[in-house]
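Below is one structure, written out as structure tokens; the observations come after it.
Here the structure is a predicted model, which is why all the values come from computation and not from measurement. Every chain is numbered from 1, with letters handed out A, B, ... down the list of sequences.
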Amino acid sequence: MKSRFTALKGVADVLPPETGLWRKILNTAGLVMSAYGYEEIIPPVIEQTELFLRSIGDSSDIVSKEMYTFTDKGGRSVSLRPEGTASIVRAYVEHNLPARPAPQKFFYSGPMFRYERPQKGRQRQFYQLGAECFGIADPAVDAEMITMVMAILGRLGLKGLSLELNSIGCKQCRPAFRERLREFFTPRLSELCPDCQRRYEQNPLRILDCKVERCGEIRKDAPLISETLCQDCRDHFASLVGFLEALGTPHVFNPHMVRGLDYYTRTVFEVKGDAGLGAQNAVAAGGRYDLLVSEFGGPETPAIGFAAGMERLAGLLRQEAAAPGPALFIASLGAEAATEALKLATRLRDGGTRVELGWGGFSLKSQLRRADKINAGSVVIIGEDELKSGKFKWKNLKDGSSGEAGREEILKQFSRAE
RNA sequence: GUGGGCGUAGCUCAAUUGGCAGAGCACUGGACUGUGGCUCCAGUGGUUGUGGGUUCAAUCCCCAUCGCCCACCCCA
């Protein structure tokens, strides 16, 4: 710990080879999402604070105590985004995108900020990858979005995931359910854990996924949202389940699942990983939010979205193979040979071949040792003999084959064959 | 914000009752004048997270502080 500066608490550098994994995740997700008709949108990471107050709502700690909020030099209260959806919806309304034909589909990725106590799978600056679809209320869109999320995860080779599903109703039926829930817990309020007593006031739905054992027993006979949904919500959910079954997408109905953000309506879903993620085991989650666009001043527009945590995805994709090395390593002996090596390397690099050089007057042996250490595919040796004869010695470090070849031959042989 | 655990070399970890800070791996070089991997040898690398205190003496005990980890809360 002699470094003069260290990264802030809860933020982290992503180093190679981890960065390769991140790129793979983003590329794969981008590929799948464009097949589903999504286009990238790049919103700013900073917004006026009120945007998040109005979207996420005050029943969540995100807004009340986790935002990076400050006053800028113009006296405005601004915040680093704690999640992506609010910005996308703002952009959608601000640029009058509802005027374009529905559905409008966007994906995004980038850092989010929440001032939380770090733990496994949770940091203050973390990356999310997400998508939003505007303009269609049909449950087929819910099924499509969920299928797309599962397709991304599947394409990445992730196994042991479970998709959980619920409906939390709309503005007609959810308030009624909240009240029924309160009535149910009122007589046993004193038996609930302190956190749940607070939830009772703030957001009684949250009591349903409390981890305290005693609270679990108490809520055994609590009313279920699925029994309280209005007919429209009930139909919507049934239809979604039908689509998923037709698509063969495995899913689990979890009547106790509650999402944290206030703006969700009807469909909510969560994809959980199996092992290795600790307590923060949701790799992706999302839901429908049919009211948010109009709350932001746009026309009444149904919408649905999801977000996935990059760090959690990367954590699940264990780094398997050794770091790939250069296709060719050029060892040289003497100043003249070094010049020749540099010229050769530059021509190959111009053609896209990855080449490393054995710089610096080291013995041939140490240069070759280094070529081996960095996992080079082949090595070419340039010394005085080779300069005289014009024939370079080469050796394949993988299979041990070797030979001699002229410059043009070498160029041809290593010009980005693979 | 709350609770618990942990800070010794780049990494993983030792260090007896409080008594000269070590090993393996990694890195660099050599043994082997221009042919890697295996082996052997050597070398580089540390104010023991930081600041105080107790003591003849602190990696070890005490206090504070910072950082990391895990869990709660919350959530991707």
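Taking the charged nitrogens against the carboxylate oxygens, Arg122(A) and Glu116(A) do have a contact shorter than 4.0 Å, which makes a salt bridge. Under a 4.0 Å N-O distance rule, the pair Glu386(A)/Lys393(A) qualifies as a salt bridge.
Close to C75(B), at under 4.0 Å from its OP1 or OP2, lies a side-chain N or O of Ser60(A). At G36(B), one or more side-chain N or O atoms of Lys365(A) fall inside 4.0 Å of OP1 or OP2 (strictly under the cut-off). Contact annotation: Arg259(A) reaches the phosphate of A76(B) (side-chain N/O to OP1 or OP2, under 4.0 Å). Regarding contacts with the backbone of A71(B), a side-chain N or O of Gln119(A) is found under 4.0 angstrom from either OP1 or OP2.
Note on Ala371(A): nothing from the nucleic acid sits closer than 4.0 angstrom, heavy atoms only. If you check every strand for non-hydrogen atoms under 4.0 Å, Gly305(A) touches nothing. If you check every strand for non-hydrogen atoms under 4.0 Å, Glu384(A) touches a base. Within the nucleic acid shown, Lys393(A) comes within 4.0 Å of at least one base atom, counting heavy atoms only. Nucleic acid contact for Ser402(A): none, since no nucleic acid atom lies under 4.0 Å from a heavy atom of the residue. Among the heavy atoms of the strands, none lies under 4.0 Å from Glu270(A). Backbone-only engagement by Leu261(A) is indicated by non-hydrogen atom pairs under 4.0 Å involving sugar-phosphate atoms exclusively. Counting any heavy atom pair closer than 4.0 Å across all strands shown, Asp372(A) reaches a base atom. Using a 4.0 Å heavy-atom distance criterion, Gly130(A) is classed as making no nucleic acid contact.
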Yes or no on side-chain contact (heavy atoms from CB on, under 4.5 Å) for Thr301(A) and Tyr92(A), after CA distance, side-chain angles and deciding distance?
CA-CA 11 Å; Thr301(A) 307; Tyr92(A) 177 75; 3.7 Å; yes
Test log, rule side-chain contact (heavy atoms from CB on, under 4.5 Å), inputs Glu340(A) and Arg407(A)
CA-CA 10 Å; Glu340(A) 180 61 35; Arg407(A) 183 191 296 119; 2.7 Å; yes
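Between the CD atom of Glu116(A) and the C1' atom of A71(B) there is a distance of 14 Å, given to the nearest Å. Separating the OH atom of Tyr115(A) from the C1' atom of G1(B) is a distance of 10 Å, rounded to the nearest angstrom. In this structure, the CD1 atom of Ile374(A) is 17 Å from the P atom of A26(B), given to the nearest Å. For the pair Gln123(A) CD and A71(B) P, the interatomic distance rounds to 13 Å; values are reported in whole Å. To the nearest angstrom, P of A76(B) lies 17 Å from CG of Leu161(A). Between Tyr264(A) atom OH and A76(B) atom C1' the separation is 9 Å, expressed in whole Å.
In this structure, a donor-acceptor pair under 3.5 Å is present between the side chains of Asn375(A) and Lys398(A). Using modelled atom types and a 3.5 Å distance limit, the side chains of Thr147(A) and Tyr36(A) yield no donor-acceptor pair. Side chains of His236(A) and Asp142(A): a donor-acceptor N/O pair is present below 3.5 angstrom, by distance only. Between the side chains of Glu39(A) and Ser34(A), not a single donor N or O lies within less than 3.5 Å of an accepting N or O.
The base of G36(B) sits within donor-acceptor range of the side chain of Lys395(A), with an N or O pair under 3.5 Å. The base of A76(B) lies close enough to the side chain of Arg114(A) for a donor and an acceptor atom to sit less than 3.5 Å apart. A donor-acceptor contact under 3.5 Å is not formed by the side chain of Arg117(A) with the base of C72(B). If you check distances only, the side chain of Gln128(A) never reaches the base of C75(B) with a donor-acceptor pair under 3.5 Å. Interface remark: the Gln367(A) side chain does not form any donor-acceptor pair with the G34(B) base, using a distance-only criterion of under 3.5 Å.
Under the Watson-Crick or G-U wobble criterion, with both distances below 3.5 Å, C6(B) is paired with G67(B).
At least one donor-acceptor pair under 3.5 Å links the side chain of Asp72(A) to the backbone N or O of Arg76(A).
Within residues 194-213 of chain A, the residues approached by RNA chain B to less than 4.0 Å at the level of any non-hydrogen atom are Asp195(A), Arg198(A), Arg199(A), Arg206(A), Lys211(A), in residue-number order.
Considering only side-chain atoms of Arg370(A), the nucleotide from C74(B), U28(B), G30(B) that sits closest is U28(B). Among the nucleotides C72(B), A76(B), G30(B), the one closest to any side-chain atom of Ser363(A) is G30(B). When distances are taken from the side chain of Asp61(A) to each of C75(B), C73(B), G29(B), the shortest belongs to C73(B).
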